[in-house]
Amino acid sequence: MTSVAAELPPPVAWADERLGLAKLGRKNLRKVFPDHWSFMLGEVALYSFVILILSGVFLTLWFKPSMAEVQYNGSYSLLKGLHMSEAYESTVNISFDVRGGLLVRQIHHWAAVLFIAAMMVHLLRIFFTGAFRKPRELNWLIGIGMLFLGIVEGFIGYGLPDDLLSGTGLRITEGLVLAAPVVGTYLSFFIFGGEFPGDDFVSRFFTVHVLLIPGIILALVTVHLFLVVYHKHTQYAGPGRTEKNVVGLPLFPVYVAKAGGFFFVVFGITALMGALMQINPVWLYGPYNPAEVTAGSQPDWYMGWLDGAVRLMPGIESHLGTVTIGWNIFLPALVVPPLFIGFVALYPFIEQWVTGDKREHHLLDRPRNVPTRTGIGVGMITFYGVLWLNSGNDLIATHFHSSINTITWVCRVLVLIGPVIAFWIARRWALSLQRADYERLTHGLETGVIVRSPDGGYSEKHRPLSRFAAYELTARERLLPLQTPPDTDENGVRRPHRRRDRIRAALSRFYFSDIVEPPAADELTAAQHGPARPELDG
């Protein structure tokens with residue numbers, strides 16, 4: 001320890017003698033991380049969160065989380081003399097009277113949009129490549145939790161300025177809360193501090209927005225990164241890459257330098273968007289008034305699917321004694337989202353149960369090689385997309401001169417059959433790509449050169465794949481569906497859970513059905529170099 005400390009600068013040596021940093025750093029700073037562009041999606045989410053914290057600290061210095069009524073006398077002349085809350089007044093003052101305030105406000109809002117979008121795309125990459133498999137199921141759940149908290153955080157921040165647009169969104173939220181049977185009224189009074197809009201919701205939302213949820217997300221990010229290091233990073237199949245190793249670049253100095261540069265790229269693009277692309281101009285909406293509503297109001301894109309689900313449901317109510325259940329709000333707001341999010345969160349465990357695959361996986365799948373999973377993912381995207389599309393049914397009707405009722409009915413049909421059709425198309429597409437890979441492996445690549453045989457026939461000359469390309473196409477496991485166990489054990493005793501086992505085996509057969517397995521080694525050698533010579537057989 002003394003020799004190591006002697007090589008360090010004095011301040012670092014002083015800290016190392018008390019904390020043992022050199023030993024810890026020597027092991028972890030040389031840790032290898034694979035290099036692929038898709039891994040940057042998680043970095044975009046992380047860096048956006050850092051930008052949110054930095055810009056949020058700036059905004060809290062001038063924002064006043066109060067609903068106390070004041071008269072505006074700031075520099076924006078169109079609002080002078082209007083009565084508004086201190087929250088809205090301070091937001092307008094940040095936009096027009098604080099140097100750099102509008103730029104930071106818009107950077108903060110764009111960073112929030114980018115944060116949620118990057119997490120969504122990052123989770124899609126993890127889903128379609130199978131990076132959620134053992135031992136990373138916990139990290140998948142953490143990712144889903146961070147996405148959910150990010151959406152809630154974005155929505156709460158969207159409501160803090162107390163402008164007319166955000167107030168309209170909060171009014172809709174209040175309706176969703178009230179749809180909860182029995183406890184809805186109590187929850188509404190707890191959230192808003194009384195009858196909507198109440199006098200306390202801005203201060204309550206502010207505390208949750210700047211302290212509670214960011215603290216939880218920061219803790220989850222820390223655990224997430226720790227598990228990435230502990231489990232080692234996943235990697236795509238290729239020469240020299242196995243389930244036992246990681247091929248890539250060391251954390252220090254290569255990866256640290258690249259990550260630092262990429263952070264400034266993300267920060268620069270976000271700042272450019274904040275400077276040139278207007279978002280949430282609250283001064284155009286005016287202060288919130290419960291008696292008014294904005295025409296054509298739309299939520300931020302990540303809340304659109306929930307709004308679309310509410311617009312999709314017909315107006316149906318039931319009365320159970322003194323309790324009224326509004327199914328048009330209860331089902332799309334309180335039933336569909338938990339079921340959808342729950343299925344996505346539990347999918348790693350569902351797939352593991354269906355396939356019976358409980359091995360550790362560190363090599364990623366190509367989506368085409370797991371066609372059923374790919375079809376399920378595309379089906380979920382289609383379900384989400386139809387709901388999201390329906391959230392703008394009024395704008396679609398006005399812009400395309402169509403009937404809003406027709407658009408709603410089309411979306412009602414599509415939300416039911418669209419995911420099934422999308423699943424079937426994506427699965428068949430993946431299987432077709434598997435067959436194309438098989439043809440390339442066994443027949444090579446088309447060269448465009450036409451040759452004539454001695455008997456007068458014509459054929460195209462093919463060029464064998466390189467060893468690197470052939471390895472990438474064949475580096476996947478051969479998996480077999482589960483078999484139905486016999487009804488009785490070796491002692492003739494009937495096995496329990498026979499029906500469950502039959503269902504599981506049927507699902508497993510469907511999951512693996514029609515998969516095109518890569519050619520065997522001897523088949524591939526024969527296809528590329530001709531039949532093996534007899535003296536080399538065996």
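As a basis for the values below, the full set of heavy atoms in this structure was taken, side chains included, without hydrogen atoms, waters or symmetry mates.
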TODO: Answer yes or no: are there more than 12 heavy-atom neighbours, outside Trp301 itself, under 6.0 Å from its atom CH2?
DONE: yes
Open item on the list: Given Arg311, which partner from the list Asp394, Thr408, Asn328 fulfils the side-chain hydrogen bond (donor to acceptor under 3.5 Å, both in side chains) test?
Closed with: Asp394
Task: Pair His362, Asn245: side-chain N/O donor-acceptor within cut-off below 3.5 Å - done: no
Open item on the list: Under a 3.5 Å threshold, yes or no: a donor from one side chain and an acceptor from the other, between Tyr511 and Glu351?
Closed with: yes
Task: Distance (rounded to the nearest 0.5 Å) between Ile144 CD1 and Ile142 CD1 - done: 11.5 Å
Open item on the list: Looking at Lys134 and Asp357, is there a salt bridge between them, counting it only when a charged N and a carboxylate O are closer than 4.0 Å?
Closed with: no
- [ ] Report, as yes or no, whether the 6.0 Å neighbourhood of atom CH2 on Trp353 holds more than 12 heavy atoms from other residues, nucleotides or ligands.
- [x] yes
- [ ] Kindly assign one of parallel, tilted or perpendicular to the pair His233 and Phe39, based on the angle between their ring planes and the thresholds 30° and 60°.
- [x] tilted
Open item on the list: Ignoring hydrogens, what is the shortest heavy-atom contact between Val247 and Gly240? Give both atom names and the distance.
Closed with: CG2-O, 3.6 Å
Open item on the list: Suppose we screen for side-chain hydrogen bond (donor to acceptor under 3.5 Å, both in side chains). Which residues come up paired with Thr372, at least two apart in sequence or across chains?
Closed with: Arg427
Open item on the list: For Phe343 and Tyr347, take the angle between the two ring planes, folded into 0 to 90°, and tell me which bin it lands in: parallel under 30, tilted 30 to 60, perpendicular over 60.
Closed with: perpendicular
Open item on the list: Can you list everything that forms a ring pair (Phe, Tyr, Trp, His ring centres under 6.0 Å) with Phe115? Sequence neighbours excluded, please.
Closed with: Phe49
- [ ] Could you pull out all residues at least two apart from Trp327 that satisfy side-chain hydrogen bond (donor to acceptor under 3.5 Å, both in side chains)?
- [x] Ser318
Task: From Ser508 atom OG to Asp501 atom CG, the distance as rounded to the nearest 0.5 Å - done: 12.0 Å
Task: Leu465 CG to Thr442 OG1 distance, which is reported to the nearest 0.5 Å - done: 9.5 Å
Task: Over all atoms of both residues, closest heavy-atom pair of Glu153 and Pro214 - done: OE2-CG, 3.3 Å
Task: Candidates Arg359, Glu137, Lys358 - the one meeting side-chain hydrogen bond (donor to acceptor under 3.5 Å, both in side chains) with Gln352 - done: Glu137
Open item on the list: Can you give me the closest heavy-atom contact between Ala45 and Ala118, atom names plus distance?
Closed with: N-CB, 3.6 Å
TODO: Over all heavy atoms of both residues, which pair between Pro419 and Leu414 is shortest? Give the atoms and the distance, please.
DONE: CD-O, 3.4 Å
Open item on the list: Please give me the minimum heavy-atom distance between Leu306 and Pro337, naming the atom from each residue.
Closed with: CD1-CG, 3.6 Å
Open item on the list: Once you measure the plane-to-plane angle for Tyr47 and Phe262, does it fall in the parallel (<30°), tilted (30-60°) or perpendicular (>60°) bin?
Closed with: perpendicular
Open item on the list: If you compare all heavy atoms of Arg368 against all heavy atoms of Gln434, which two are closest, and at what distance to 0.1 Å?
Closed with: O-NE2, 2.8 Å
Open item on the list: Can you tell me how the ring of Phe340 sits relative to the ring of Phe383, calling it parallel under 30°, perpendicular over 60° and tilted otherwise?
Closed with: tilted
Open item on the list: If you count every heavy atom of other residues, nucleotides or ligands that lies below 6.0 Å from Arg463 atom CZ, does the total exceed 12?
Closed with: no
Task: Residues Asn393, Leu312; criterion side-chain contact (heavy atoms from CB on, under 4.5 Å); working and verdict - done: CA-CA 10 Å; Asn393 57 1; Leu312 205 67; over 6 Å; no
